[in-house]
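Take a look at the structure set out below.
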Amino acid sequence: MQAQLTHLQTQALTAINASDSLEQIEQLRVRYLGKKGELSAVLGGMGKLAAAERPLVGAMANTVKEQIESALQQQRTHLETQAIQAQLAREAVDVTMPGRFVPQGHRHPMQQTIDRVTDFFIGLGFSQADGPHVETDYYNFEALNFPPDHPAQDMHDTLYLADKRLLRTHTSSVQIRYMETHDPPVRIVVPGGRVYRKDALDATHSPNFHQIEILAVDDRITLADLKGILVLTIEELLGKRPMRFRPSYFPFTEPSVEVDIWWEAPGKPGRWMEVLGAGMVHPNVLKHVGYDPEQVQGFAAGLGVERLTMLLYGIDDIRLLYTSEKRFLAQF
Ligand code: FA5
């Protein structure tokens, strides 16, 4: 029986030392030390021993049991440590590794122009206003003093919708919507409104472009205020540039002006580029919204966002502003 115990111990210790998982260790514990395990099976034969032999064999069985238990515990600790080491190695962070480059977006060059001009006017005490892109003839033309079927409407080749509504041809429609619902004094900036015309696409025209509308109405506003503010706006955005005011015509302003800025695209002869239309609000427009033209006057302007952006960044073709070409946009 002692030989059996010795054999059992050797076999158990060899198996335990060779085990490589915690489940395997548990299986070995059950196999050798469990109630129906091998040690119990050997000890089952104790009854047949002589009384004098029993304490000896009993003491030996205890030693074998302790040895196996201690081997199990050691191997368990060993495997657990190994597992932790492996996990630490797996999850280690190399703080010296270079970071991964995450490309960052930025505002479109046109949005930058819109934001800068809008901020400038907010700084002067103007409020922001906006209006719908789908307009009625009333807001886009009639209330702005375009006589019905007047050739002036041809200035804006209009895109009509099936229900007689239209896509606004300029942001001046917002002037009417705002004045209808607000008493004077009025000071508004309409930031970067999209407008639509049946214009052919070329280097400086697009059928779908953006305007910033400015409107101020108060009791002592003059053309000098308009001129001063337009010069300041251009200087703020583009710095000092050759610039000229030209007399012009809009049904909703009298007098009316247009502003041109000298433009030199690389490799092309320089020329004047028209960037905005403006003027003193026509008395008929004031009457349409219920203001008294004897009491208040105003100025208004519509700035072309695309053209200002082209001048700001030296872009020689409007079409470039509508591409989603990342290499182009990343330059601004
Ligand atoms: C108007 O749209 C008037 N509503 C401006 C105005 C507002 C006058 C308030 C008086 C008072 P015009 O059609 O000229 O005006 O357009 C104004 C500006 O928009 C132009 O100076 C130009 O910079 C820009 N623009 C006009 N048509 C196009 C186009 N097809 N593509 C790109 N920009 C354009």
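The first residue in the sequence is number 1, and the count goes up from there. Whatever order the structure lists them in is the order used to number ligands and atoms, beginning at 1.
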Exercise. Can Ile214 be said to touch ligand 1, with heavy atoms closer than 4.0 Å?
Worked result: no
Problem set entry | Proximal candidate to atom 1 (C) of ligand 1 [heavy atom criterion; set Glu258, His282, Arg197, Met310] | Arg197
Problem set entry | ligand 1 contact on Ser256 by region, counting heavy-atom pairs under 4.0 Å | neither
Exercise. What part of Ser172 sits under 4.0 Å from ligand 1 if we count only heavy atoms: the side chain, the backbone, both or neither?
Worked result: side chain
Exercise. So, is Ser206 polar-close to ligand 1, with some N/O to N/O distance under 3.5 Å?
Worked result: yes
Exercise. Hey, does the Lys NZ or Arg CZ of Arg168 hover above the aromatic six-ring of Tyr139, less than 6.0 Å from the centre and inside 45° of the axis?
Worked result: no
For this session: Heavy-atom distances under 4.0 Å are what count here, so tell me which part of Thr204 touches ligand 1: side chain, backbone, both or neither.
Result: backbone
Exercise. Quick one: do Lys164 and Asp137 make a salt bridge, cutoff under 4.0 Å?
Worked result: no
Problem set entry | Part of Val275 with heavy atoms under 4.0 Å of ligand 1, whether side chain, backbone, both or neither | backbone
For this session: Counting heavy atoms only, name the option from Gln175, Arg168, His170, Glu274 that's nearest to atom 14 (O) of ligand 1.
Result: Glu274
Exercise. For ligand 1, which atoms, with element, lie under 4.0 Å from some heavy atom of Thr253?
Worked result: 10 (C), 11 (C)
For this session: Please confirm whether the backbone N or O of Glu306 pairs with a side-chain atom of His210, one donor and one acceptor, at under 3.5 Å?
Result: no
Problem set entry | Closest to atom 6 (C) of ligand 1 (judged by heavy-atom distance), picking from Pro251, Gly277, Ala200 | Gly277
Exercise. Do Phe141 and Thr169 have side chains that get closer than 4.5 Å, going by heavy atoms?
Worked result: yes
Problem set entry | Residue pair Leu22 / Glu26, side-chain heavy-atom distance below 4.5 Å | no
Problem set entry | For Ile318, atoms of ligand 1 separated by under 4.0 Å from a heavy atom | 32 (C)
Exercise. Is Phe252 in contact with ligand 1, taking contact as a heavy-atom separation below 4.0 Å?
Worked result: yes
Problem set entry | Any side-chain donor near an acceptor of the partner, Gln211 and Thr171, under 3.5 Å | yes
Seminar exercise, completed: Note: ligand 1 atoms sitting under 4.0 Å from heavy atoms of Gln211 are 1 (C), 2 (O), 16 (O), 17 (C), 18 (C), 19 (O)
For this session: May I ask you to test the Tyr313-Gln112 pair for a side-chain heavy-atom distance under 4.5 Å?
Result: yes
Problem set entry | Ile214 and its side chain to side chain contact (heavy atoms under 4.5 Å, CB included) partner, picked from Leu124, Val189, Thr233 | Val189
Exercise. Would a distance-only check, ignoring hydrogens and angles, find a side-chain to backbone donor-acceptor pair under 3.5 Å from Glu235 to Val231?
Worked result: no
Exercise. Counting heavy atoms only, which part of Leu276 comes closer than 4.0 Å to ligand 1: side chain, backbone, both or neither?
Worked result: backbone
Exercise. Can we say Asp218 and Arg187 salt-bridge, meaning some charged N sits less than 4.0 Å from an Asp/Glu carboxylate O?
Worked result: yes
Problem set entry | Winner among Met280, Arg307, Met273, His210 once heavy atoms are compared against atom 22 (C) of ligand 1 | Arg307
Seminar exercise, completed: Counting from 1 in the order shown, the ligand 1 atoms closer than 4.0 Å to a non-hydrogen atom of Ala300 are 9 (C), 11 (C)
